[in-house]
*Asks:* 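My structure is below; once you've seen it, I'll send some questions.
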Amino acid sequence: MVLLVPVAWEDMPVVGAMRLAWLDGYQELSPRHRRSAPAVIVAIDEGSLNRFGQWPWPRTLVAALLDKIAAARPAAIGVDILFPEPDRLSPEWLAPSVADADPRLADRLAKLPRHDALLAASIRAAPVVLGIAGLERGTLSETAPMTPSLQKNPDTLRALRRYAATLRSLPEIDAAASGHGLLSADTEAGVVRRVPLVALIGETPVLPLSLETLRVATGVQAFAVRGGAAGVEAVGVGVSVPTQADGRLWVHYTPHDPSRFISAADVLEGKADPAELERKLVLVGVTALGLIDYQSTPLGERMPGIEIHAQVLENVFDNALLMRPRWAPWIEAFALLIAGLIVVYTVPRLSPARSTGLLVLLLVALGAAGFAAYRGAELLLDASVPGVATAFLFAAMLVETLSDANAQRKSLQERLQHEREAAARIAGELDAARRIQVGILPRPELVFPSERRFEIAASMEPAREVGGDLYDFFMLDDERLFFLVGDVSGKGLPASIFMAVSKALCKSAALRRGQPINELLGEANLEIARENPESLFVTVFAAVLDTRTGRLEYCNAGHEPPFILTPEGEIARLAEGGGPPLCVIDGFAYVAAEHSMALHGIVCVVSDGVTEALNRAGELYGVERLKRALQRNGNGKGPAAIVDAIRADVSQFADNAEVADDLTLLVLRWNGPSGR
């Protein structure tokens with residue numbers, strides 16, 4: 001429980017995402033009710049574009065729109081539009097295009113007022129705030145106007161969102177504005193939850209468009225930033241607006257409300273009631289689909305960014321500010337501590353059903369307390385992280401309690417039937433070990449389902465429940481087949497464990513890098529000897545077949561020499577190269593050998609469990625009988641049939657005598673590079 005408590009402070013991605021989703025749920029269940037309407041949005045919507053043409057409009061039309069709004073005597077006008085480039089429809093841009101066709105028309109056009117100058121004049125004549133966009137990179141212009149600010153403690157600004165530069169309107173237009181407000185806001189997982197009420201452009205504090213419009217409306221010449229070493233506490237713009245420590249505000253949303261909007265076409269045509277704009281904070285923005293990115297909100301809907309600025313102003317005027325106080329993590333950790341202590345105390349003393357009911361009550365109480373704080377005091381307290389941590393603790397306690405009870409029952413059963421259960425457990429473990437051992441050996445039909453260049457079959461029958469023989473085969477690349485057969489000294493469970501280790505280390509050495517087969521066995525010798533506390537050893541025959549040429553590179557580490565069967569029925573043995581078994585001599589330099597296989601030639605590798613199989617009379621199966629079995633079954637039959645025939649012949653020879661050693665066979669036939 002103590003280890004879970006710090007989760008309330010950790011800002012891990014999973015924890016942070018869960019917390020934000022939970023806080024969004026408060027607003028989805030109970031969105032803010034709109035009590036006042038300080039802001040009105042004049043929207044350049046689809047109807048405006050249909051009436052006055054596509055965007056961007058000529059600056060004269062934008063100037064006319066601002067003049068119409070200003071005539072209604074609003075408190076201030078915030079413009080969520082940037083004018084960073086000259087108006088290409090202005091007369092001075094049109095004059096050169098008609099100069100050749102009509103010089104007199106070009107001269108008259110050149111004498112007409114510039115559109116940018118007309119727009120600047122309209123902005124200068126009204127209380128207009130222009131938007132600026134924050135940029136992560138760039139150079140900040142020292143001549144760009146910015147609203148002055150007051151700070152008593154410079155440390156207050158360290159936690160603020162910082163932008164390196166800004167994208168602004170043309171200097172002529174930008175200088176005419178009464179104020180400049182930031183348009184940028186960061187999204188969290190694509191959702192706008194928090195917007196900066198003060199941010200930094202370089203080292204200069206700046207207000208968002210919403211608060212800058214309010215500052216111009218109140219007539220104050222500068223805004224104040226109040227706070228301390230912990231961060232920002234409030235921003236003053238004629239009124240004091242509390243903020244989070246990083247200068248941001250949790251926006252308290254209402255659903256999208258069409259009554260906030262007035263079409264720009266209605267304003268330009270005089271259809272809008274001037275009383276709707278009088279003494280209002282008028283926000284001008286483009287809302288036509290395809291011209292802006294609609295932003296996702298915690299309510300699960302998308303709305304234009306200009307409406308989010310209006311919602312911020314409503315938050316301020318209605319005093320409906322959501323706050324996540326600095327002490328929120330302490331409260332959440334304390335709630336987790338109390339709920340955790342209840343779980344720790346009660347779960348061992350109650351039945352699982354009752355303890356589950358208690359958990360449900362605790363989770364409901366945590367959720368209800370968080371929602372009550374939101375509804376009653378507009379505080380954002382997270383109940384999800386304490387709730388999930390409590391549920392995790394409950395699961396751990398329940399598992400521990402049930403495990404303890406189960407252990408006690410098992411202890412009583414073991415006292416009554418210890419011997420029988422011990423025998424059954426050992427038998428089960430050996431059976432599981434046998435299944436695991438057989439399962440890790442590859443099966444040709446699964447490893448090479450559509451291979452035609454060669455055929456391969458293998459079989460391993462342990463003398464006991466588990467054995468110490470091993471085989472493996474896999475492709476080193478598109479053309480080279482690696483295979484090996486091995487035999488660990490000893491039998492039973494120790495040999496099977498050493499077999500698994502040896503197989504894994506040999507395969508790892510083969511796959512790490514392309515190297516000669518003798519160096520591979522030398523490396524495997526070092527690796528296996530390092531993991532050999534019982535001083536076991538293992539014989540290994542390893543080879544690499546080049547499927548294009550039939551070249552067989554091999555090395556024999558003390559294993560039974562393989563048999564080569566030609567299509568004509570002749571049998572030979574691969575007795576060259578090699579060295580002692582692995583883990584016998586440290587650092588031994590093994591010698592590789594080569595053999596060129598005939599087309600449809602067969603190589604058969606066996607363990608000594610085949611040649612040294614005993615019948616009831618104590619006679620050995622022997623090499624000669626194995627040769628006869630190969631010659632008898634090698635003509636026209638595939639490797640799988642040969643393996644089955646040899647196993648059947650050994651079984652017939654042994655005649656149900658006790659098996660003395662593991663029996664392993666691997667038969668490979670090369671069909672040529674085309675596989676036909």
*Asks:* Can a side-chain donor-acceptor contact be found between D469 and S607 if the only test is distance below 3.5 angstrom?
*Replies:* yes
*Asks:* Within a radius of less than 6.0 Å around OH of Y345, do more than 12 heavy atoms belonging to other residues, nucleotides or ligands occur?
*Replies:* no
*Asks:* If you round to the nearest 0.5 Å, how far is OG1 of T346 from CZ of F394?
*Replies:* 8.5 Å
*Asks:* Would you name the heavy atoms of V447 and P442 that are closest together and state the gap between them?
*Replies:* CG2-CB, 3.8 Å
*Asks:* Quick one: does any side-chain atom of D472 pair with a main-chain N or O of F483 as donor and acceptor, under 3.5 Å?
*Replies:*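 No: the side chain of D472 does not pair with the backbone of F483.
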*Asks:* For a quick test of reading the model, state the closest non-hydrogen atom pair linking A159 to A245 and the distance between them.
*Replies:* CB-O, 3.7 Å
*Asks:* Mind checking whether L358 and I342 have side chains closer than 4.5 Å, heavy atoms only?
*Replies:*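 Sidechains of I342 and L358: in contact.
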*Asks:* Check for a donor-acceptor pair, side chain of E451 on one end and backbone N or O of R453 on the other, with a separation under 3.5 Å.
*Replies:* yes
*Asks:* Hey, is R324 close enough to E378 for a salt bridge, meaning N to O under 4.0 Å?
*Replies:*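 Salt bridge: no.
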*Asks:* Decide whether Y374 and H252 meet the rule of one side-chain donor and one side-chain acceptor closer than 3.5 Å.
*Replies:* yes
*Asks:* Do the numbers put K627 on top of the ring of F563, so that NZ or CZ is under 6.0 Å from the six-membered ring centre and no more than 45° off the axis?
*Replies:*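 Pair K627/F563 does not count as cation-pi.
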*Asks:* Tell me, please, whether F482 has R480 positioned over its six-membered ring: NZ or CZ under 6.0 Å from the ring centre and within 45 degrees of its axis?
*Replies:* no
*Asks:* Does K503 reach the side chain of L441, with side-chain heavy atoms less than 4.5 Å apart?
*Replies:*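 Yes, close enough: below the 4.5 Å cut-off.
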*Asks:* At their closest point, which heavy atom of V591 faces which heavy atom of C555, and how far apart are they?
*Replies:*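 Closest pair (atom of V591, atom of C555, distance): O-SG, 3.3 Å.
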*Asks:* How long is the span from the CZ atom in R647 to the CG atom in L663, to the nearest 0.5 Å?
*Replies:* 8.0 Å
*Asks:* Take F588 and Y590 through the test ring pair (Phe, Tyr, Trp, His ring centres under 6.0 Å) and record every step on the way to the result.
*Replies:* CA-CA 6 Å; F588 185 84; Y590 289 90; 5.1 Å; yes
*Asks:* Can you confirm whether the side chains of S30 and R375 place a donor and an acceptor under 3.5 Å from each other?
*Replies:*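 R375 and S30 do have a side-chain donor-acceptor pair below 3.5 Å.
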*Asks:* Hey, could you give me each pair passing ring-ring contact (aromatic ring centres under 6.0 Å, His included) that has a residue in residues 602-626? Not counting sequence neighbours.
*Replies:*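 For residues 602-626: Y621-F653.
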*Asks:* Quick one: which of V540, T539, L505 gives a side-chain contact (heavy atoms from CB on, under 4.5 Å) with L582?
*Replies:*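 Among the candidates, only V540 passes.
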*Asks:* Start with the C-alpha distance between F474 and L511, add both sets of side-chain angles, then the distance that settles side chain to side chain contact (heavy atoms under 4.5 Å, CB included), and finish with yes or no.
*Replies:* CA-CA 10 Å; F474 48 87; L511 292 176; 3.6 Å; yes
*Asks:* What heavy-atom pair brings I585 and P580 nearest, and what distance separates the two atoms?
*Replies:*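 The pair with the smallest heavy-atom distance is CD1-CG, 3.9 Å.
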*Asks:* Between the main-chain N or O of F537 and the side-chain N or O of S489, is there a donor-acceptor pair closer than 3.5 Å?
*Replies:* yes
*Asks:* Would you indicate whether F371, at its atom CZ, is surrounded by more than 12 heavy atoms from other residues, nucleotides or ligands within a distance under 6.0 Å?
*Replies:* yes
*Asks:* Mind checking what makes side chain to side chain contact (heavy atoms under 4.5 Å, CB included) contact with A617, not counting sequence neighbours?
*Replies:*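 Listed in chain order: N615, E619.
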*Asks:* Yes or no on side chain to side chain contact (heavy atoms under 4.5 Å, CB included) for Q27 and L322, after CA distance, side-chain angles and deciding distance?
*Replies:* CA-CA 10 Å; Q27 298 205 54; L322 292 178; 3.6 Å; yes
*Asks:* Heavy-atom count check: over 12 atoms from other residues, nucleotides or ligands less than 6.0 Å from N406 CG?
*Replies:*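 Correct, the count exceeds 12.
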*Asks:* Would you confirm whether S508, through its side chain, and A504, through its main-chain N or O, come within 3.5 Å as a donor-acceptor pair?
*Replies:* no
*Asks:* Rounded to the nearest 0.5 Å, what's the gap from CG on L668 to CG on L666? Could you check?
*Replies:* 7.0 Å
*Asks:* What verdict does the side chain to side chain contact (heavy atoms under 4.5 Å, CB included) test give for V606 and L665, after you've listed the backbone C-alpha separation in whole Å, the side-chain angles of each residue and the deciding distance to 0.1 Å?
*Replies:* CA-CA 4 Å; V606 302; L665 302 97; 4.1 Å; yes
*Asks:* Do I642 and C604 make a side-chain contact, defined as non-hydrogen atoms from C-beta onward lying under 4.5 Å apart?
*Replies:*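 They are not in side-chain contact.
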*Asks:* If I take atom CG from residue L381 and atom CE from residue M323, how far apart are they, to the nearest 0.5 angstrom?
*Replies:*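 Between atom CG of L381 and atom CE of M323 there are 12.0 Å.
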*Asks:* For the side chain of R193 and the backbone of E188, is there at least one donor-acceptor N/O pair under 3.5 Å apart?
*Replies:*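 Yes; at least one donor-acceptor contact below 3.5 Å.
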*Asks:* Do N671 and R452 have side chains that approach each other closer than 4.5 Å (heavy atoms only, starting at C-beta)?
*Replies:* no
*Asks:* Could you check if a side-chain atom of I528 sits within less than 4.5 angstrom of a side-chain atom of L536, using non-hydrogen atoms only?
*Replies:*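 No. Closest side-chain heavy atoms not under 4.5 Å.
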*Asks:* V485 versus E560: any side-chain heavy-atom pair under 4.5 Å?
*Replies:* no
*Asks:* Give, for atom CG of L350 and atom CG of L398, the distance between the pair rounded to the nearest 0.5 Å.
*Replies:* 11.0 Å
*Asks:* Could you check whether any side-chain N or O of D404 sits under 3.5 Å from a backbone N or O of E400, counting only pairs where one atom can act as donor and the other as acceptor?
*Replies:*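 Pair absent, no side-chain N/O of D404 close to backbone of E400.
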*Asks:* Please confirm whether the backbone N or O of E479 pairs with a side-chain atom of T547, one donor and one acceptor, at under 3.5 Å?
*Replies:*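 Side chain of T547 to backbone of E479: a pair is present.
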*Asks:* Roughly how far, to the nearest 0.5 Å, is the CZ atom of R194 from the CG atom of L20?
*Replies:*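 Taking CG in L20 and CZ in R194, the distance rounds to 6.0 Å.
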*Asks:* Ignoring hydrogens, what is the shortest heavy-atom contact between G387 and L363? Give both atom names and the distance.
*Replies:* O-CD2, 3.4 Å
*Asks:* Which heavy-atom pair separates P242 from L249 by the least distance, and what is that distance?
*Replies:* O-CD1, 4.4 Å
*Asks:* Any side-chain to backbone donor/acceptor pair from W670 onto I602? Under 3.5 Å, distance only.
*Replies:* no
*Asks:* Just wondering, do L470 and V488 contact through their side chains at under 4.5 Å, heavy atoms?
*Replies:*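 Yes, close enough: below the 4.5 Å cut-off.
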*Asks:* Within the supplied structure, the quantity of interest is the number of heavy atoms (other residues, nucleotides, ligands) at a distance under 6.0 Å from R354 CZ; does it exceed 12?
*Replies:* no
*Asks:* Do L614 and L620 touch side chain to side chain, with heavy atoms closer than 4.5 Å?
*Replies:* yes
*Asks:* Are any side-chain N or O atoms of S411 and backbone N or O atoms of A407, one a donor and one an acceptor, separated by less than 3.5 Å?
*Replies:* no
*Asks:* Is the CD atom of E445 crowded by more than 12 outside heavy atoms at less than 6.0 Å?
*Replies:* yes
*Asks:* Does Y253 form a side chain to side chain contact (heavy atoms under 4.5 Å, CB included) with V192? I'd like the steps, not just the answer.
*Replies:* CA-CA 10 Å; Y253 282 96; V192 178; 3.6 Å; yes
*Asks:* Using a strict 4.0 Å threshold on nitrogen-to-oxygen distance, state whether R625 and D649 make a salt bridge.
*Replies:*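 Looking at R625 and D649, the cut-off is met.
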*Asks:* Using only atom types and a distance under 3.5 Å, with no angle test, would you say the side chain of T297 pairs donor to acceptor with the backbone of E301?
*Replies:* yes
